[in-house]
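Residue numbers begin at 1 in each chain, while the letters A, B, ... track the order of the sequences. Side chains included, hydrogens not; waters and symmetry mates left out as well; all remaining heavy atoms used.
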Amino acid sequence: MGSMNLLLLADGRFPAGGHAHSGGMETAVATGGVSDLASLHAFLIGRLATAGLAAAGLAAAACTTKHPWDALDAESDARIPSPALREVSRRQGRLLLRAARALWPGSVLDDLGAACGGTPAGARPSVHLVGPHHPVAMGAAAAAAGLEPLDAARAAVFNAVTGPASAAVRLLGLDPLAVHRLLAEMAPDMDDSAHCAAAGSGGPLDALPCPGSILLDLYAQRHALAEGRLFAS
Amino acid sequence: MPPETPPDRLRPLRVGVGGPVGSGKTALVAALCRMLAERLHIGVVTNDIYTTEDADFLRSQGVLDDNRIRAVQTGCCPHTAIRDDISENLEAVEELETRLAPLDLVLLESGGDNLTATFSQGLVDRQIFVLDVSGGDKVPRKGGPSVTSADLLVINKIDLAPMVGADLEVMRRDSVARRGDRAMIFSSLRKTDGAGEIAEWILSEVAQWAKPSSVRG
Ligand SMILES: Nc1nc2c(ncn2[C@@H]2O[C@H](COP(=O)(O)OP(=O)(O)OP(=O)(O)O)[C@@H](O)[C@H]2O)c(=O)[nH]1
Ligand SMILES: [Mg+2]
């Protein structure tokens with residue numbers, strides 16, 4: 001029953017606010033870091049190996065539903081040093097949780113909602129200052145949808161790479177066919193990252209992948225203060 | 001099964017204000033706040049494409065307390081945020097409604113967009129589409145879902161009609177042809193009382209919305 005739900009969850013049209021985020025691409029373009037297909041490729045390889053892998057590890061671990069939510073939250077914080085990115089992650093997590101609860105209601109997502117300051121199912125949402133980190137919400141949504149940790153890792157990796165890629169199409173007017181060919185070329189690496197991330201999902205949380213990307217952190221901080229931006233991050 | 005009586009409405013009326021870039025959406029929201037702030041508790045959500053221009057303008061006009069205005073950023077596609085993926089906007093609206101309860105009215109301005117951009121029913125209860133005469137008097141004839149289905153069509157900047165050679169009678173006729181008897185109002189928001197008729201329309205919608213379900217028409 002799983003695969004269709006994985007496609008739904010990973011789809012860029014999933015109504016959880018993802019379209020408003022560029023994953024650092026807007027600042028990368030503004031500062032000249034990404035300007036063509038080759039530099040886009042380099043950016044995406046870096047993002048896959050860092051933010052993508054870290055998110056996939058957290059999502060896979062969350063999907064096991066064996067780890068306490070607050071421990072996953074702390075591990076997420078530890079992997080996201082940029083305050084701006086933390087806020088973005090929680091905002092996206094909140095919106096993903098909300099959408100996922102509408103699609104796959106049940107105790108997994110209710111528990112996560114309660115643990116991160118939300119309200120019981122059906123009640124009016126409280127003032128939204130908090131929320132789960134995005135990868136944790138992704139893993140919990142995958143579990144609620146009957147998916148496996150490896151699927152959660154795939155969804156997280158897919159999201160981490162395709163989001164900025166489509167932002168680059170919009171920002172630079174790159175040929176969408178060329179960009180998608182790039183994504184197809186990266187598919188085996190994306191799969192490898194997902195497997196690698198999912199392998200440790202049942203083990204101790206502090207052993208999850210924790211690669212850092214200082215440039216993405218700096219981009220996020222810079223973006224938060226930028227004038228005239230199109231994307232929220 | 002017999003139709004259920006709809007529940008009494010516990011939340012404010014949510015009104016979307018859409019329309020092409022520069023047609024006067026922010027000017028209309030500002031005018032409505034100015035005219036209605038004494039009579040209604042209002043919250044405003046703006047969808048800026050760049051920066052927080054519209055929210056800043058509303059704040060600078062002093063028509064509403066700062067904390068009653070929220071800006072949402074919409075990525076490259078303003079219509080996505082009001083139609084296909086309303087999550088950011090919904091969250092902003094609910095946050096305002098919770099924090100400022102009880103509100104009577106939430107106005108949600110979309111980013112300037114094209115003639116096909118409509119609001120999702122999951123986000124707003126009524127929608128106003130603001131055109132202006134300077135785009136030419138043929139725009140209502142072009143139709144599109146916003147022109148045909150908005151609850152209120154506003155044709156703004158009629159003070160400019162003589163200058164751009166727009167024939168208001170043509171616009172009225174084409175609008176009626178596209179929209180039947182749905183409401184249509186001409187306005188010039190440059191005038192002090194330019195939004196008077198639109199404010200009346202809002203007041204009657206709010207009154208209808210707030211009625212207990214047993215007496216609602
Ligand atoms: N002459 C004239 N100018 C108007 C009228 N209404 C608005 N304007 C002017 O038109 C310009 C654009 O108005 P806004 O209210 O910012 O338009 P908008 O639809 O919010 O624009 P975006 O949010 O950028 O899509 C401003 O300079 C307004 O002062 C009107 O009735 N007559
Ligand atoms: Mg505006």
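- A 4.5 Å side-chain heavy-atom check between B:Gln73 and A:His21 finds every atom pair outside the cut-off.
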Do any side-chain atoms of residues 24-32 of chain B form donor-acceptor pairs under 3.5 angstrom with protein atoms, and if so which ones, sequence neighbours left out?
residue : atom : partner  : partner atom : Å
B:Lys25 : NZ   : B:Gly19  : O            : 3.1
B:Lys25 : NZ   : B:Pro20  : O            : 2.8
B:Thr26 : OG1  : B:Asp54  : OD1          : 3.2
B:Thr26 : OG1  : B:Asp54  : OD2          : 3.2
B:Thr26 : OG1  : B:Glu109 : OE1          : 2.8
B:Thr26 : OG1  : B:Glu109 : OE2          : 2.8

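- Chosen from A:Arg170, A:Gln92, A:His19, the residue pairing most often with chain B at heavy-atom distances under 4.5 Å is A:His19.
- No more than 12 heavy atoms of other residues, nucleotides or ligands lie within 6.0 Å of CD in A:Glu87, so this atom counts as exposed by the packing criterion.
- Around atom NE2 of A:His41, more than 12 heavy atoms belonging to other residues, nucleotides or ligands sit under 6.0 Å away.
- For residues 80-89 of chain B, heavy-atom neighbours of chain A at less than 4.5 Å comprise B:Thr80, B:Ala81, B:Asp84, B:Asp85, B:Ser87, B:Glu88, sorted by residue number.
- Within 6.0 Å of CZ in B:Arg178 there are more than 12 heavy atoms belonging to other residues, nucleotides or ligands.
- Residue contact with chain B, scored on non-hydrogen atoms closer than 4.5 Å, involves the backbone and the side chain of A:Ala232 alike.
- Counting non-hydrogen atoms of other residues, nucleotides and ligands closer than 6.0 Å to CD of B:Gln121 gives a total of 12 or fewer.
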